[in-house]
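Lettering of chains follows the sequences in order, A, B, ..., and the numbering in each one begins at 1.
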Number of protein chains: 2
Amino acid sequence: MAKRDIGASFVNGVPELLILRLLVGQEMYGYEIVAAIRDQSRESLVFGEGVIYPVLHALEHDGALKAHRKTVNGRSRVYYRLTAAGERRLGDLTATWSKVNQAVQGILQGGTQHAKAV
Amino acid sequence: MAKRDIGASFVNGVPELLILRLLVGQEMYGYEIVAAIRDQSRESLVFGEGVIYPVLHALEHDGALKAHRKTVNGRSRVYYRLTAAGERRLGDLTATWSKVNQAVQGILQGGTQHAKAV
DNA sequence: TATTATACCTAGCGACTCGAGGTATGGAGC
DNA sequence: GCTCCATACCTCGAGTCGCTAGGTATAATA
């Protein structure tokens, strides 16, 4: 059954986009990224570790990220850094997001094309 | 096989939102909605009938839409109209979309090089 | 020593989209 | 009259992604 009951998260592909963006100009590790998305979006976007880690691994596997372990305060962390491919990917995803966003806004605000009287 | 060679569509839940929005103040039928989304988004968003029809059926089942058959030029069409519940749903989804959108924009533009706390 | 916070990871399920296919009718062209 | 295309409906299977819920391990705190 279509359990299409609210849930509708509009979220598809967003974790990847945000991860790439957060890594511009700085290294971060998984746990930190989870917290950063939660905090910087003021709880609007909360992706669990079960979402973030697999995406990180896939991005690394695809060559968009480079990983290296570092031990800080006796804690082992896996830091990620953007590669050139990752920057390209970020550009592509940002462009796609922008396009989709504009298209949706256009229809939501309607009226522009040939809206009928409401 | 690339496990996760992501196509990143940013599309999740968008068809439902757009359908509800298009039906504000006017009745439409499925085939027409498919074309309307394609045209009004200038091909940025192209959802096939295989996407739209199931959503229409689910929305009707949930009481967000009312359907009635009408024959025009010998063609049988199923017209959909928003119910009060549908308008409420539209309001909810629009709010969610707006929130997600703002959160994503915030991180994308964020002068985030320095901060965890906003 | 027990609990909590940090930090990593995976598996299984469910939900959503896409593409391909299937039915039926009206109109245009030959 | 017959064929082909556009209209108009519908469904199924595959693939992907996100979510929940687990599981491991160590450091700090109570």
Side-chain angles (χ1 to χ4, degrees), chain A residues 1-19 27-39 45-62 65 67-80 93 96 100 104, chain B residues 1-19 27-39 44-62 65 67-80 93 96 100 104 116:
Chain A
M1 287 292 197
K3 185 171 184 185
R4 218 174 269 280
D5 263 351
I6 305 283
S9 35
F10 304 115
V11 144
N12 198 311
V14 167
E16 181 182 353
L17 172 61
L18 296 184
I19 287 170
E27 294 187 340
M28 293 179 79
Y29 56 99
Y31 202 75
E32 187 184 11
I33 292 174
V34 170
I37 294 176
R38 194 202 328 106
D39 296 345
L45 303 172
V46 180
F47 299 110
E49 303 166 40
V51 173
I52 299 304
Y53 285 117
V55 176
L56 286 171
H57 299 156
L59 286 172
E60 184 193 5
H61 180 265
D62 290 351
L65 300 182
H68 64 102
R69 292 198 97 88
K70 207 192 299 188
T71 296
V72 180
N73 297 335
R75 283 181 187 289
S76 175
R77 297 173 176 168
V78 182
Y79 279 85
Y80 293 91
L93 292 187
T96 302
V100 168
V104 172
Chain B
M1 305 289 284
K3 309 187 59 173
R4 201 184 266 265
D5 248 353
I6 319 158
S9 35
F10 302 115
V11 145
N12 198 308
V14 167
E16 180 180 353
L17 171 62
L18 296 185
I19 288 171
E27 293 186 342
M28 294 179 80
Y29 56 98
Y31 202 75
E32 187 184 12
I33 292 175
V34 170
I37 293 176
R38 192 200 331 103
D39 296 346
S44 287
L45 302 172
V46 181
F47 299 111
E49 303 168 39
V51 173
I52 300 303
Y53 285 118
V55 176
L56 286 171
H57 300 156
L59 286 172
E60 185 193 4
H61 180 266
D62 289 352
L65 301 181
H68 64 103
R69 290 197 99 89
K70 208 192 297 187
T71 296
V72 180
N73 299 334
R75 284 183 185 290
S76 176
R77 297 173 177 169
V78 182
Y79 279 85
Y80 293 91
L93 292 187
T96 301
V100 168
V104 172
K116 297 183 179 181

message: Tell me the interatomic distance from B:R77, atom CZ, to C:dT25, atom P, rounded to whole angstroms.
response: 16 Å
- request: Identify which nucleotide among D:dC10, C:dC18, D:dT7 has an atom closest to any side-chain atom of B:V51, counting heavy atoms from C-beta outward.
  value: C:dC18
query: Can a side chain N or O of A:Y53 be found less than 4.0 Å away from OP1 or OP2 on C:dC8?
result: yes
- prompt: Under 4.0 angstrom, heavy atoms only, what part of the nucleic acid is A:G30 near: base, sugar-phosphate, or nothing?
  reply: sugar-phosphate
query: Can you find a pair of side-chain heavy atoms, one from B:E49 and one from B:Y31, that are under 4.5 Å apart?
result: yes
- prompt: Roughly, in whole Å, what's the span from CD1 in A:I52 to C1' in D:dA21?
  reply: 17 Å
message: Between B:F47 and B:V14, does the side-chain contact (heavy atoms from CB on, under 4.5 Å) criterion hold? Intermediate values first, please.
response: CA-CA 10 Å; B:F47 299 111; B:V14 167; 4.2 Å; yes
task: May I ask you to verify if any side-chain N or O of A:Y31 is less than 4.0 angstrom from the OP1 or OP2 atom of C:dC8?
output: no
Closest to the B:Y29 side chain, choosing from D:dC10, C:dC9, D:dA8: D:dA8
message: Does A:G48 reach a base, just sugar-phosphate, or nothing at all? Heavy atoms under 4.0 Å.
response: nothing
statement: Quick note, B:P54 side chain, CB onward, closest among D:dT11, D:dG18, D:dC9 is D:dT11
query: Does B:H57 place a side-chain N or O at less than 4.0 Å from the phosphate oxygens OP1/OP2 of D:dC9?
result: no
- prompt: Would a 4.5 Å heavy-atom cut-off, applied to side chains only, mark A:Y80 and A:L65 as touching?
  reply: yes
message: If I take atom CG in residue B:L18 and atom C1' in nucleotide C:dC16, what distance separates them, rounded to the nearest angstrom?
response: 15 Å
task: Could you tell me whether the side chain of B:L93 reaches within less than 4.5 Å of the side chain of B:E16, counting heavy atoms only?
output: yes
- request: Send over the distance from A:N12 CG to C:dG14 C1', rounded to a whole Å.
  value: 14 Å
